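Report on the structure given below.
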Amino acid sequence: MQLSLSLSKPAQHLKNPLMAASGSGSIMWFRKGLRIHDNPALEYASKGSDFVYPVFVIDPHYMEPDPKAFSPGSRLAGLNRIRFLLESLVDLDTSLKKLGSRLLILKGEPGQVLIRCLKEWGVKKLCFEYDTDPYYQALDIRVKEYASAAGIEVFSPVSHTLFNPADIIQRNGGKPPLTYQSFLKPAGQPSWASSPLLTSISSLPPVGDVGSCEISEVPSIKDLGYGDIEQEWIPFRGGESEALKRLKESISDKEWVANFEKPKGNPSAFVKPATTVLSPYLKFGCLSSRYFYQCLQDVYKNVQKHTSPPVSLAGQLLWRDFFYTVAFGTPNFDRMEGNKLCKQIPWNDDDELLAAWREARTGYPWIDAIMVQLRKWGWMHHLARHSVACFLTRGDLFLHWERGRDVFERLLIDSDWAINNGNWLWLSCSSFFYQYNRIYSPISFGKKYDPNGDYIRHFLPVLKDMPKEYIYEPWTAPPGIQRKAKCIIGRDYPKPVDLPCICMQLGVILIFTLMLVSVVYHDSASKECKRKLAEAYALNQKLNGQLSQEDLDNLRRKLEQDEDLEPKIRRQRQKVGHLT
DNA sequence: GTCTCGTTGCTGTA
DNA sequence: TACAGCAACGAGAC
C-alpha cells in the first residue's frame with residue numbers, strides 16, 4: 001500500500017499500528033548522505049522491507065535562529081548553509097516521491113527523536129551512513145545501544161568517504177598517517193573502485209504508518225522562524241540534482257579535468273570559479289565522493305595524460321580522506337590544547353582585531369573582499385581561504401586559529417569538521433605544514449592573479465572606482481585620487497595602521513573608538529609573527545610539545561616584552577611608511 | 001643520526 | 001615566464 005498520498009494530512013490521522021506490526025519495516029535515517037545515488041544504507045533499508053521510513057530530524061540547535069550569533073543563522077550555522085541544507089532536503093524529498101516514498105521531517109534532539117521512532121514504528125532495521133565526526137560518533141553510540149537492546153538490526157556503512165578511516169589507521173600501524181604521501185600507501189586503491197556503484201533506484205517500498213510522531217514537510221527559512229529575511233543571491237543551490245548537474249558540467253570538459261592543478265587555480269575568479277565548487281555537495285553527501293572518484297577515473301582512462309595527486313582533481317578527494325583519517329585518529333583534533341599533533345603557540349586574544357577580520361575591515365582590500373565573499377556566498381576559493389587564514393594567524397594578526405575556524409565553520413556552506421580543522425591547523429603552521437616564513441602577502445598575492453582588482457571591485461564596491469595602481473593598497477592613493485574615486489581612506493574604507501604603535505602613542509581607548517581605523521602594517525606584523533613562531537617552535541622542541549598553560553603564559557609575556565624593546569624601530573618605520 | 005621531500009611564498013633578476 | 005636566493009621546519013625512510 002502506497003501511503004504517500006495520505007501523508008500530507010497531519011500524522012495523527014494516519015495511526016494504524018497493525019500496518020507497521022504486520023510487515024517488516026526499516027528506518028533510513030538521513031543526516032549527511034542526502035542522495036539516492038550510491039547510498040548503500042538506503043539500498044539495504046529497502047531490501048526485503050515492506051515499509052521504509054526515510055527520516056530527517058531537524059535539530060533546533062542547528063536550524064533555528066539565534067539572535068545572539070554574529071551573523072544571521074542558528075547557534076551553529078549561518079543562514080546560507082541552513083538554506084543550502086533545506087534546498088537539499090526538498091530535492092531529496094522530490095526524488096523520494098518519484099520513487100514512491102517521501103522524506104519524513106521530524107523535529108527535536110535527534111537521538112531522542114530517533115529512539116522514539118524506533119519505539120513507535122516497530123521496525124526491524126535501522127540504516128544510516130557511518131559518520132566519523134565526534135558529534136555523530138557520540139549520537140550513534142546512544143542510538144545503537146537502544147537499537148541493540150530492542151533487537152533492531154543496525155546497518156551503518158562507510159559511504160561518505162573513499163576509505164574507512166579506521167582501516168587506514170589499522171594498516172598504518174594504529175596511527176593516522178601525518179603526511180599526504182604516507183597516507184597514499186596504506187590507502188591504495190579503494191576496494192569498490194573497479195566495480196560499478198549503484199547509481200539509480202527504480203522504486204522504494206512505501207512509507208509505513210507514522211503513528212503519533214509529528215511529521216512535517218521540509219520547512220522554509222520562514223517556517224524556521226527567520227521571518228521575511230532578505231536573502232542574498234548566491235550562485236550555489238543545494239541538492240543532489242544540482243550536484244549531479246554540476247558534476248556532469250565539470251567532467252564534460254575532459255581537457256580541463258585532465259590538466260587540473262589545484263595550486264594553479266585563480267582565487268580571484270568569481271564569475272566562473274577555478275574549481276568545481278562541488279565541496280558543499282560533498283559536505284552534505286548530495287554527491288557521493290566515490291561516484292565522483294569513479295567519474296574522474298573514467299575521464300583519466302580516455303585521455304593521453306593527466307595530472308596526478310596531490311594536485312589533480314582525484315587528488316582533492318584523497319586530501320578529503322586524508323583529513324578525515326587524521327581527524328578520526330586524533331583526540332582533540334579541533335583544539336590546540338590536548339591535541340598531540342598541534343604546536344602549542346601563545347596566540348594573542350583580541351576581540352577587536354578578530355571582529356575587524358571577520359567583518360571585512362582590516363584595511364587590506366584583498367583580505368576584506370574575501371571575507372565579504374565568505375559572508376555573501378558562503379564559499380570562496382581555496383587559496384583565498386589560505387590568504388585570510390594566514391593573515392589572521394601566523395601572517396599578521398597572530399590570533400588563535402580556533403577563532404578563525406569558528407568563523408569558517410559557521411559561514412561556509414561546505415564547512416566540514418575534519419577538513420576545516422585540518423586546514424586551519426595547516427595554515428596556522430600548527431600541524432602538517434611548518435614553513436612559517438612563507439607568508440601570503442595581503443597585497444601581492446591577490447595582485448598576481450588579478451592586477452586590475454576586479455574581484456575587489458565586485459565584493460567591495462566602495463573601492464570600485466579606485467585606480468588599479470592603488471586598489472590593493474588604497475592608503476597610498478593621493479588625496480585627489482581618493483576624492484575622484486569617491487573613497488576617502490579612513491572615512492569610507494579603513495586604513496591599515498600599526499596597532500601596537502598607535503596603542504603606545506594614543507592609548508588603547510582611542511583605538512576602540514576609531515572604527516574605521518584598522519589593523520596592521522603587513523611588513524612589520526609578519527616579521528613579528530615569524531619571530532614569535534620561531535620562539536614558540538623552539539620551546540615546543542625543547543619541551544617535546546608538552547607545554548603547560550604556565551609555559552605558554554610565560555612565553556607570551558616574554559614575546560610581549562621583546563616587542564616593547566623595538567618601539568624606536570617601529571616609530572621610524574611609521575615615519576617612512578606610506579601613511580601620513 | 002642523516003637525508004629527502006613536501007599541493008599552493010616572496011622578491012629580484014634575466 | 002622561470003629560476004635563484006631567502007630562511008628553514010618536520011615526517012618518514014634509511
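Only this structure's heavy atoms are used, side chains among them; waters, hydrogens and symmetry mates stay out. Every chain is numbered from 1 and lettered A, B, ... according to where its sequence line falls, protein lines coming before strand lines. From a predicted model like this one, the values you see are computed outputs, not experimental measurements.
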Could you please spell out the steps behind the ring-ring contact (aromatic ring centres under 6.0 Å, His included) verdict for Y537(A) and Y436(A)?
CA-CA 10 Å; Y537(A) 268 44; Y436(A) 55 77; 4.9 Å; yes
I would like to know whether F433(A) and S430(A) meet side-chain contact (heavy atoms from CB on, under 4.5 Å); could you show each step before the answer?
CA-CA 7 Å; F433(A) 176 80; S430(A) 296; over 6 Å; no
Please walk me through it: do F284(A) and R81(A) pass side-chain contact (heavy atoms from CB on, under 4.5 Å)?
CA-CA 10 Å; F284(A) 284 111; R81(A) 192 162 75 251; 3.5 Å; yes
Before you tell me yes or no, could you show the steps for H306(A) and F260(A) under ring-ring contact (aromatic ring centres under 6.0 Å, His included), namely the whole-Å CA-CA distance, both residues' side-chain angles and the distance that decides it to 0.1 Å?
CA-CA 8 Å; H306(A) 59 82; F260(A) 184 90; over 10 Å; no
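Closest contact between the side chain of S444(A) and the listed nucleotides dG9(B), dT7(B), dT11(B) involves dT11(B).
Residues from residues 168-180 of chain A placing a heavy atom under 4.0 Å of any atom in DNA chain B, listed by number, are Y180(A). Taking every heavy atom of residues 328-344 of chain A and every atom of DNA chain B, no pair lies under 4.0 Å. Annotation: proximity of residues 267-276 of chain A to DNA chain B (heavy atom, distance under 4.0 Å) is found for no residue.
dC5(B) sits 14 Å from dA8(C) when the C1' atoms are compared, rounded to a whole Å. Comparing the P positions of dA13(C) and dT7(B) gives an interatomic distance of 14 Å, to the nearest angstrom. Spacing of C1' atoms, dG10(C) relative to dC10(B), comes out at 22 Å, to the nearest Å.
Residues W426(A) and S431(A) have side chains that never bring a donor and an acceptor to within less than 3.5 angstrom of each other. Residues Y493(A) and D368(A) have side chains that bring a donor and an acceptor to within less than 3.5 angstrom of each other.
Taking 4.0 Å as the cut-off between side-chain N and carboxylate O, R335(A) and E402(A) do not count as a salt-bridged pair.
Centroid-to-centroid, the aromatic rings of F459(A) and Y455(A) come within less than 6.0 Å. Ring pair F445(A)/F391(A): centre-to-centre distance not below 6.0 Å. Checked against a 6.0 Å centroid threshold, the rings of W379(A) and F236(A) count as neighbours. Ring centers of Y364(A) and W475(A): under 6.0 Å apart, within the cut-off.
Nucleic acid contact class of Y537(A) (heavy atoms, under 4.0 Å, all strands): sugar-phosphate only. At a threshold of 4.0 angstrom between heavy atoms, the contacts of Q316(A) include nucleobase atoms, whether or not backbone atoms are also involved.
If you measure from atom CZ of R438(A) to atom P of dT8(B), you get 7 Å, rounded to the nearest angstrom. Rounded to a whole Å, the CD1 atom of I439(A) is 11 Å from the P atom of dT11(B). Rounded to whole angstrom, the span from the CD atom of Q435(A) across to the P atom of dC10(B) amounts to 14 Å. Computed from coordinates, the I443(A) CD1 to dT11(B) C1' distance equals 14 Å when rounded to whole Å. We find that CH2 of W366(A) is positioned 14 Å from C1' of dG9(B), with the value rounded to whole Å. For the pair D396(A) CG and dC10(B) C1', the interatomic distance rounds to 14 Å; values are reported in whole Å. Atom pair N423(A):CG and dT7(B):P shows a separation of 13 Å (rounding to whole Å applied). Between F432(A) atom CZ and dC5(B) atom P the separation is 22 Å, expressed in whole Å.
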Dot-bracket notation for DNA chain B, counting Watson-Crick and G-U pairs under 3.5 Å, with | for partners on another strand
||||||..||||||
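Taking 4.5 Å as the limit, every side-chain heavy atom of E359(A) sits out of range of all side-chain heavy atoms of M371(A).
The minimum heavy-atom distance linking M466(A) with C487(A) is given by the pair CE-O, 3.9 Å.
Contact footprint of chain A on DNA chain C: nucleotides with an atom under 4.0 Å from a non-hydrogen protein atom, first to last in 5' to 3' order, dA7(C) to dA13(C).
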Under 3.5 Å, which donor-acceptor pairs link side chains of residues 186-193 of chain A to any protein atom two or more places apart or in another chain?
{"from": "W192(A)", "atom 1": "NE1", "to": "L162(A)", "atom 2": "O", "distance (Å)": "3.0"}

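A cation-pi arrangement is found for R410(A) relative to F70(A), the charged atom lying closer than 6.0 Å to the ring centre and inside a 45° cone about the ring normal.
Note: H386(A) and H382(A) have tilted aromatic rings, judged against thresholds of 30 and 60 degrees for the angle between ring planes.
Checking each of W319(A), Y180(A), F322(A) against F432(A) for a ring pair (Phe, Tyr, Trp, His ring centres under 6.0 Å) leaves exactly one that passes, namely F322(A).
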